[in-house]
Amino acid sequence: MRASELYAPTLRESPAEAELLSHKLMLRAGLIRKAAGGMYTYLPLAWRTMKKIMQIIREEMDAKGGQEIMMPVTQPAEIWQESGRWAVYGDEMMKLKDRHGREFCLGPTHEEMVTTLIRGEVRSHKQLPLMLYQIQNKYRDEIRPRFGLMRSREFVMKDLYSFDKDIDGMNISYKKMYDAYSKIFTRCGLNFRAVEADNGAIGGGHSHEFTVLAPSGESSIAYCENCDYAASDEKAELKVIKAEVEELKPLEKVSTPNCHTIELVKNFLNVPIEKTIKAVAFQDDDGRLILAFVRGDHEVNEIKVLNAVEGALHLHMAEDSAITAVGSCAGFMSPINLKDGAIIVADSTVMEMYNAVAGANEVDAHFINVTPKRDFPAEKIIVTDIRMVQAGDPCPHCGAKLKMTRGIEVGQVFTLGNKYSKSLNATFLDESGKETYFEMGCYGIGVGRTMAAAIEQNNDADGIIWTRAIAPFEVVVVPVNAKVTEQLEYAEKLYDELKSAGVDVLLDDRKERAGVKFKDCDLIGYPIRVTVSPKTLESDLVEIKIRKSGEVSNFNRADCTAQIKNLLTQL
RNA sequence: CGGGGUUUAGCGCAGUUUGGUCUAGCGCGUCUGAUUUGGGAUCAGAAGGUCGUGAGUUCAAAUCUCACAACUCCGACCA
């Protein structure tokens, strides 16, 4: 490919619409252009990279027995109504009607599609396991698309769906995909972690998110440097912290004027923050009041609270009226002496406290010498882990201190069990001739997001730094002055030679000044730049610059192709 | 959906407060020519704008009023 024919409109300044570094770089380097909010055109450079990522994905999927198929993007409403998700997905789904008024959606995912595909056709356990995958556009009408390709409304996604005859088989498929994902992201040159994730209401399963570590990421994860434990902040398990046993002192009410935050109480009463109990009030969709209590220096993990309360689907902050209804008041809540009607959830660590400070359920007053085991016994309340992980908390596997970081979720593996086979009535006959639901799994990778994450993780002030495996071109050959026939011809020969040697190479034959071309090369981020100039040409040398390290060296023309191929293996 | 901001040439912006001097500028980019040629050149010339859309106020609107839209940030939400 010749740069003079390549459509890669680079920009000197970055458009105002971009905030995120990878988004800016993709616009500046001529990788993408926006068509509408959350919808992008992938220009040749981006598409080359995406094709390479997709190829890596295909190879690893196929290696595990996956078979690629192509399904319609437009899906009939019926199958979604059948699974019950037409309403669940709600406004997040792009919906449309055909000329007859029949309803469709643009698929946000394809569980319904693939399950109805095999239903009735895969009839025997002998046909299992089965793994089908697709790489295609998916649609999600995000409330707020942002960050360029990170959160867009139309995106390229790989999804593989596994069908097994039983849970054991499903777990084997899951493991295969977990391994494949590790290989894929390693091959893409990404620094990532497989993070234990919440798989919500779907029972019986596991889920891992594959998260690329980057400070700009949307998800917050806790990880252990000592072992391989990593979990999303919402999921991270925490063990009870036991306080030193103390002699119990009698409960006492004290005046604490205007001390409606933990910080104020702590200072006013001059107690350590670890000896205070913090309260957060929620209500669920049915209006039930849920009071959550954690130690003063901890934060409440809403997801854990939600999971702890039977029947709760969503939580929101409680209305003041609901709090007063149970005889308490905001800022001074505690589980002591409350009227009936509140669901009380206490963090396990709270139950281990002695002689602590908690609200007195009246304005400007707190209890001191609160000992939860004595003053609000565990029998009447829910006691479990509901705190949000913090840096320094002990790892649940090995006990070492956890670290916190941010990341970009680029893939997720998920067991589904029989959720969809059941709701869509997809069965086969097992060994004993019994009709059985498929045990399924689904495994997604955001292709565009993977590209964006790679840029987010690998860049410098001059631009993108591609890993060789997913670079739009591996090598760029630059004659410093393409108007000089001698240089151009020399560069062309080199280019032909590299091409024949199987190198993915671009010839920058544009009649631009050297500075312009160099800036573009750095911005676009080709791993290796080969420069042809009068300086080196005379002595039959070629100059090779490594984008990542900035290292420049000269090689003899005769063996430079071999040298380049060798260098590429390290990039 | 709530709150803020923005919308003027391909891109980045000024001009709006105080309506007229705006026949709307500047930088970058683009085109033509010349000189240049190892890190986004210089000179000369040129093209390019329904000032987001619609309505209104006024002798007069990029500028004031109202409505709407798009984009964007924060929040809520998120398989």
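Below, read A as the first sequence line, B as the second, and so on, with proteins coming before strands; counting in each chain starts at 1. As the structure is a computational prediction, the values presented were derived from the model and not from experiment.
- As judged by a 4.0 angstrom heavy-atom cut-off over every strand, A/R28 is placed among the base-contacting residues.
- The partner of B/G2 is B/C74, by the rule that a Watson-Crick or G-U pair needs both atom distances under 3.5 Å.
- By the 4.0 Å N-to-carboxylate-O rule, A/K535 lies too far from A/E543 to be salt-bridged with it.
- We find that A/E474 and A/R468 are joined by a salt bridge, their nearest charged nitrogen and carboxylate oxygen being less than 4.0 Å apart.
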For A/Y443 and A/Y174: C-alpha separation, side-chain torsions, deciding distance, then whether side chain to side chain contact (heavy atoms under 4.5 Å, CB included) applies.
CA-CA 8 Å; A/Y443 316 87; A/Y174 182 84; 3.9 Å; yes
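- With rounding to the nearest 0.5 Å, the separation of CG in A/L190 from CE in A/M451 is 12.5 Å.
- In the region residues 210-223 of chain A, proximity to RNA chain B at under 4.0 angstrom, judged on heavy atoms, holds for none of the residues.
- Taking atom CD1 of residue A/I408 and atom P of nucleotide B/C78, one finds them 21 Å apart after rounding to whole Å.
- Of the candidates B/G39, B/C13, B/C1, the closest approach to any side-chain atom of A/A16 belongs to B/C13.
- Between the P atoms of B/G27 and B/G75, the separation comes to 39 Å (whole Å).
- For A/R146, the side-chain atoms get nearest to B/C73 when compared with the rest of B/A79, B/C13, B/C73.
- Contact annotation: A/R12 does not reach the phosphate of B/G40 (side-chain N/O to OP1 or OP2, under 4.0 Å).
- Between A/D284 and A/F282 the shortest side-chain heavy-atom distance does not fall below 4.5 Å.
- Counting non-hydrogen atoms under 4.0 angstrom, A/L27 reaches nothing in the nucleic acid.
- Applying side chain to side chain contact (heavy atoms under 4.5 Å, CB included) to A/I386 and the options A/I303, A/V345, A/N301, A/V280 leaves one that passes, A/V345.
- Atom name P, nucleotides B/C77 and B/G2: the rounded distance is 16 Å, in whole Å.
- Checked against B/G12, B/G40, B/C77, the side chain of A/K519 finds its nearest nucleotide in B/G40.
- When both distances must be under 3.5 Å, the Watson-Crick or G-U wobble mate of B/U23 does not exist.
- For A/R85 and A/F147, each mapped to the nucleotide of RNA chain B holding its nearest heavy atom, the one lying further toward the 5' end belongs to A/F147.
- One P atom belongs to B/G29, the other to B/U72, and the distance between them is 27 Å to the nearest Å.
- Judged by Watson-Crick or G-U wobble contacts below 3.5 Å, the nucleotide B/A67 has B/U53 as its partner.
- Contacts of A/K511 with the nucleic acid, taken as non-hydrogen atoms under 4.0 Å apart, are absent.
- Distance, A/R510 CZ to B/G40 C1': 11 Å, rounded to whole Å.
- Toward the 5′ end of RNA chain B lies the nearest nucleotide of A/R529, the other residue of the pair A/R151 and A/R529 mapping further downstream.
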Residues 40-47 of chain A, side-chain donor-acceptor partners within the protein, below 3.5 Å, at least two apart:
unit_1 : atom_1 : unit_2 : atom_2 : d
A/Y40  : OH     : A/H23  : NE2    : 3.4

Tabulate atom names and distances for all N/O pairs under 3.5 angstrom spanning the protein and nucleotides 68-71 of chain B.
unit_1 : atom_1 : unit_2 : atom_2 : d
B/C71  : OP1    : A/G37  : N      : 3.1
B/C71  : O3'    : A/K34  : NZ     : 2.9

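- Rounded to an integer number of Å, the gap from A/I303 CD1 to B/A79 C1' is 13 Å.
- The separation of B/U23 from B/A44, taken at their P atoms, amounts to 27 Å, rounded to a whole angstrom.
- If you check B/G29 for Watson-Crick or wobble pairing at under 3.5 angstrom, you find it has no partner at all.
- The partner of B/A34 is B/U42, judged by Watson-Crick or G-U wobble contacts that both fall below 3.5 Å.
- Pairing of B/U58, defined by two Watson-Crick or G-U wobble distances under 3.5 Å, is not identified with any nucleotide.
- Between B/C73 and B/G12, the distance separating the two P atoms is 14 Å to the nearest Å.
- With rounding to whole Å, A/K235 atom NZ is found 16 Å from B/A79 atom C1'.
- The base-pairing partner of B/U18, taking Watson-Crick or G-U wobble contacts with both distances under 3.5 Å, does not exist among the strands shown.
- Contacts of A/R85 classified as side-chain hydrogen bond (donor to acceptor under 3.5 Å, both in side chains), with partners at least two apart in sequence or in another chain: A/E111, A/E112, A/Y420.
- With hydrogens and angles ignored, a donor-acceptor pair under 3.5 angstrom links the side chain of A/R140 to the base of B/A79.
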Please report, to 0.1 Å, the donor-acceptor pairs under 3.5 Å made by any side chain of residues 87-95 of chain A, with sequence neighbours excluded.
none

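- By the 4.5 Å heavy-atom criterion applied to side chains, A/H110 and A/K138 are counted as neighbours.
- Spacing between B/G10 and B/A67 at atom P, rounded to whole Å, works out to 30 Å.
- Atom CE in A/M113 sits about 18 Å away from atom C1' in B/A79, given to the nearest Å.
- In this entry B/A79 has no Watson-Crick or G-U wobble partner, no candidate having both defining distances under 3.5 Å.
- At whole-Å resolution of the value, CZ in A/F518 and P in B/A41 are 13 Å apart.
- Minimum atom distance to the side chain of A/E13 is reached by B/G27, of the listed B/G27, B/A41, B/A79.
- When each of A/V410, A/I184, A/V156 is checked for a side chain to side chain contact (heavy atoms under 4.5 Å, CB included) with A/I445, only A/I184 meets the rule.
- Of the inter-residue distances, the one linking A/L6 atom CG with A/M1 atom CE reads 4.5 Å to the nearest 0.5 angstrom.
- In this structure, the nucleotide among B/A79, B/A41, B/G39 sitting nearest to the side chain of A/D522 is B/G39.
- We find that CE of A/M150 is positioned 13 Å from P of B/C73, with the value rounded to whole Å.
- Rounded to whole Å, the P atom of B/A24 lies 28 Å from the corresponding atom of B/C66.
- Within the cation-pi definition used here (under 6.0 Å to the ring centroid, within 45° of the axis), A/R529 qualifies as a partner of A/F518.
- A/R510 and A/D520 are joined by a salt bridge, as a carboxylate oxygen and a charged side-chain nitrogen come within less than 4.0 angstrom of each other.
- Side-chain proximity of A/R144 to the nucleotides B/A76, B/A79, B/G39 is greatest for B/A76.
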Between A/F147 and A/E19, does a side chain to side chain contact (heavy atoms under 4.5 Å, CB included) hold up when you go through it step by step?
CA-CA 7 Å; A/F147 305 139; A/E19 191 76 9; 5.5 Å; no
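- Between the CD atom of A/Q75 and the C1' atom of B/A79 there is a distance of 13 Å, given to the nearest Å.
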With the criterion being N/O to N/O and under 3.5 Å, what pairs connect the protein with nucleotides 34-37 of chain B, and how long is each?
unit_1 : atom_1 : unit_2 : atom_2 : d
B/U36  : O2     : A/R513 : NH1    : 2.5
B/U36  : O4     : A/K483 : NZ     : 3.4

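- Here the separation of B/G52 from B/A62, taken at their P atoms, is 10 Å to the nearest Å.
- The A/E92 side chain lies nearest to B/C78 when the options are B/C78, B/C11, B/G29.
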